[in-house]
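Written out below as structure tokens is the structure these notes cover.
Note that these values count all heavy atoms, side chains included, but never hydrogens, waters or copies made by symmetry.
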2 protein chains.
Amino acid sequence: MPRKPRLRSGSGVTLHEIGLAAGVSAITVSRALNSPERVSEALRNKILETVDRLGYVPNRSARSLASARSRTILVLVPSLTNTVFIDTLVGVEEVLRVAGYQMLIGNTHYSASEELQLLRAYLEHQPDGILVTGLSQPPEFGAILEKLGIPAVYMMDLTDDGRLCVGFSQEEAGAAITAHLLARGYRRIAFMGAQLDERVLKRLEGYRATLHAAQLYDAKLEFLDPSPSSMQMGAEALERLLREHPDCDAVFCCNDDLAIGAIAQCHRLGLAVPDRVAIAGFNDLQPAAWTTPALTTVATPRNRIGAEAARLLLERIAGLVISAPRQDLGFAVVARGSS
Amino acid sequence: MPRKPRLRSGSGVTLHEIGLAAGVSAITVSRALNSPERVSEALRNKILETVDRLGYVPNRSARSLASARSRTILVLVPSLTNTVFIDTLVGVEEVLRVAGYQMLIGNTHYSASEELQLLRAYLEHQPDGILVTGLSQPPEFGAILEKLGIPAVYMMDLTDDGRLCVGFSQEEAGAAITAHLLARGYRRIAFMGAQLDERVLKRLEGYRATLHAAQLYDAKLEFLDPSPSSMQMGAEALERLLREHPDCDAVFCCNDDLAIGAIAQCHRLGLAVPDRVAIAGFNDLQPAAWTTPALTTVATPRNRIGAEAARLLLERIAGLVISAPRQDLGFAVVARGSS
DNA sequence: CCTAAAAATGTTAGCGCTAACATGAATAAG
DNA sequence: CTTATTCATGTTAGCGCTAACATTTTTAGG
């Protein structure tokens with residue numbers, strides 16, 4: 001008695017069936033699709049016609065299993081609600097898509113432990129490579145990648161320790177916007193920081209170094225809150241900052257969300273921006289250009305970072321020698337009305 | 001002469017090897033992991049201990065291939081830079097994650113042809129189901145799903161044609177915000193629309209119907225631009241609208257981006273909001289609450305839409321009978337200072 | 001025309017897993 | 001104590017594809 005046939009997935013048309021219809025073997029069909037130059041033109045055309053006619057759809061699982069290459073890249077980002085990382089993902093996607101790679105997105109929620117958990121979970125997909133946000137993962141993280149030989153590119157920041165990275169110097173950017181405020185004549189410059197991840201802390205370092213150098217540093221002007229940042233928090237923090245330090249004449253907010261909340265609060269309190277207090281943000285999100293006055297901020301090349309990181313990773317996967325493991329894409333201080 | 005062993009993927013530890021180490025067959029290990037109740041407790045513990053010890057990571061490709069279930073859901077959204085869809089994706093992700101499903105994101109860029117192309121491309125992954133934004137896909141779209149038996153849930157809008165859908169009535173929402181403006185006493189209410197997708201057009205219908213009913217409809221007060229919306233466009237459109245129709249006393253912008261640009265432009269032109277002109281938006285994005293004055297808009301349950309749609313789809317995949325194929329999650333007019 | 005090399009196609013096996021069926025052990029029912 | 005029934009585990013095969021090797025056909029060089 002013949003046993004029940006197994007359930008089949010997808011369109012049901014297999015390489016083998018295309019082969020039968022076109023009068024060739026399955027492997028030739030595979031070659032016609034994946035390395036066309038290895039099949040004679042006449043045969044190739046006939047095969048491609050058959051593929052089209054029967055509506056063949058390759059099965060990626062079978063392909064991954066047979067070739068030990070998943071054509072899948074894991075991308076770990078701290079948040080999806082922060083436009084910064086979305087822009088990065090869009091850049092990544094554009095590059096991976098044309099290369100035939102699939103992007104798997106993991107949201108770490110700014111948590112190192114979740115990041116590790118996600119990595120473990122996503123290993124099921126046998127990713128060919130991984131794009132990570134930031135440089136400070138737990139030690140096991142690198143150990144796993146090392147052990148399994150999964151290449152990685154680190155995004156948004158720079159290091160010289162040999163890891164492949166694409167980004168800009170968070171510290172220098174923090175220093176640059178602080179220097180801008182100094183140049184405009186502000187002397188009591190506060191720092192407003194939330195969601196204190198490694199990038200925010202580096203911007204803070206840049207801020208501190210610059211003010212120290214100008215002998216204007218005052219630790220009391222630092223407002224730091226580890227909880228997630230929001231416009232709400234920016235509004236509340238601004239009010240508190242000016243109440244406790246009425247001589248504060250400028251605020252460098254570690255991101256645009258805080259800055260937008262801060263400007264809105266100034267309106268509510270009847271405080272002139274930038275005359276009473278100047279406000280600067282970070283990232284140059286779309287709304288930053290549309291506050292009143294428009295927000296001075298730091299434009300960051302997030303989209304390009306994603307795209308370049310993806311390109312670098314694909315090169316690494318292809319076995320190319322990477323001459324420059326550290327790619328600095330820079331940043332730009334965008335001076336607008338709020339300073 | 002023995003042939004070269006094939007390259008292997010991932011951690012290298014297979015079910016079979018776990019079985020050897022634990023003194024059982026591969027299938028028993030598989031059962032211990034996937035349907036624990038079918039393996040005796042003693043054996044199960046021993047197996048799980050071995051799995052842990054050897055750092056076994058299942059291979060999803062092999063699993064998909066053998067079981068004809070990919071545990072993958074395709075999610076098609078029109079844009080990734082629009083927060084609305086990100087919020088939806090976050091809702092989807094939360095539900096899929098705990099169910100062990102993987103989300104594949106396809107960005108259609110608001111294009112029906114790209115949507116179809118993406119669907120075809122993603123069939124390679126043999127998705128077990130699909131979540132689609134909107135109801136108006138090209139006819140082939142439904143045909144493909146039908147033919148392959150892939151269940152779908154439609155998000156963000158409602159229909160009674162039997163398709164599973166989770167959303168709210170775009171038309172009613174457009175009508176409601178227009179009615180709100182009427183109730184506040186505005187009489188020359190303009191409509192500002194960009195990125196004229198099906199949802200925007202339905203909001204427009206709601207706007208038209210409401211003004212018709214009040215005998216206040218004037219086609220000249222409709223500003224429509226099919227190109228992507230932006231704050232920039234909102235600013236430009238507002239200026240033009242008021243120049244061409246100085247008696248216009250309120251503007252319903254089809255999304256918050258346009259509205260934020262419009263309010264900013266009012267500041268630049270020295271026009272009081274809402275005294276000279278009232279502004280209303282749509283979606284209630286975060287910045288909407290932080291303009292000056294704060295923006296009147298329509299809050300939409302995007303996150304819940306994503307989550308509910310995912311839940312519905314999983315039920316459908318599990319073969320459950322869906323009693324209510326149409327899930328209306330409603331909307332809320334949020335009246336703030338700009339009206 | 002012959003021979004060597006290259007190009008085009010085919011055969012075989014196996015990637016890691018689970019469906020289907022098979023068997024043996026434990027339990028229940030009479 | 002026998003037989004029927006359930007429960008626990010195993011055997012076999014195959015999902016659809018491609019790596020490795022094998023064979024056939026074509027081309028090149030003399």
[N], OP1 or OP2 - any side-chain N/O from [X] closer than 4.0 Å?
X       : N      : result
A:Arg63 : D:dT18 : yes
B:Ser67 : C:dC17 : no
A:Thr28 : C:dT9  : no
A:Asn34 : D:dT18 : yes
A:Ser25 : C:dG10 : yes

Of all the choices, [options], which nucleotide is nearest to the side chain of [X] once you look at every atom?
X       : options                : value
B:Leu65 : D:dC15, C:dC17, D:dG10 : D:dC15
B:Val24 : C:dT18, D:dA20, D:dG10 : D:dG10
B:Ala66 : D:dG16, C:dT9, C:dC17  : C:dC17

Send over the distance from [X] [atom1] to [N] [atom2], rounded to a whole Å.
X       : N      : atom1 : atom2 : answer
A:His16 : D:dT18 : NE2   : P     : 15 Å
B:Arg60 : D:dC17 : CZ    : C1'   : 20 Å
B:Leu33 : C:dG16 : CG    : P     : 16 Å
A:Leu20 : D:dC17 : CG    : P     : 13 Å
B:Glu37 : D:dT9  : CD    : P     : 13 Å
A:Glu41 : C:dA7  : CD    : P     : 16 Å
B:Ile27 : C:dT23 : CD1   : C1'   : 15 Å
A:Leu15 : C:dT9  : CG    : C1'   : 15 Å

B:Arg44 side chain to B:Val39 backbone, donor-acceptor under 3.5 Å: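 Pair found, side chain donor or acceptor close to backbone of B:Val39.
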Donor-acceptor pair, distance only, cut-off 3.5 Å: does the side chain of A:Ser111 make one with the backbone of A:Glu114? yes
Under 4.5 Å between any side-chain heavy atoms of A:Val75 and A:Met155, yes or no?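 Touching, per the 4.5 Å side-chain cut-off.
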For the residue pair A:His125 and A:Ser70, establish whether any side-chain heavy-atom pair is separated by less than 4.5 Å.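 A:His125 vs A:Ser70: side chains apart.
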Could you check B:Ser40 against B:Ala62 and say which one's nearest nucleotide on DNA chain D is further toward the 5' end?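 Going by which nucleotide is closer to the 5' end, it is B:Ser40.
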Could you give the distance from CD1 (B:Ile144) to CG (B:Leu119), rounded to the nearest 0.5 Å? 5.0 Å
Donor-acceptor pair under 3.5 Å: do we get one between B:Arg31's side chain and the base of D:dG10?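 It does, because a donor-acceptor pair links the side chain of B:Arg31 to the base of D:dG10 below 3.5 Å.
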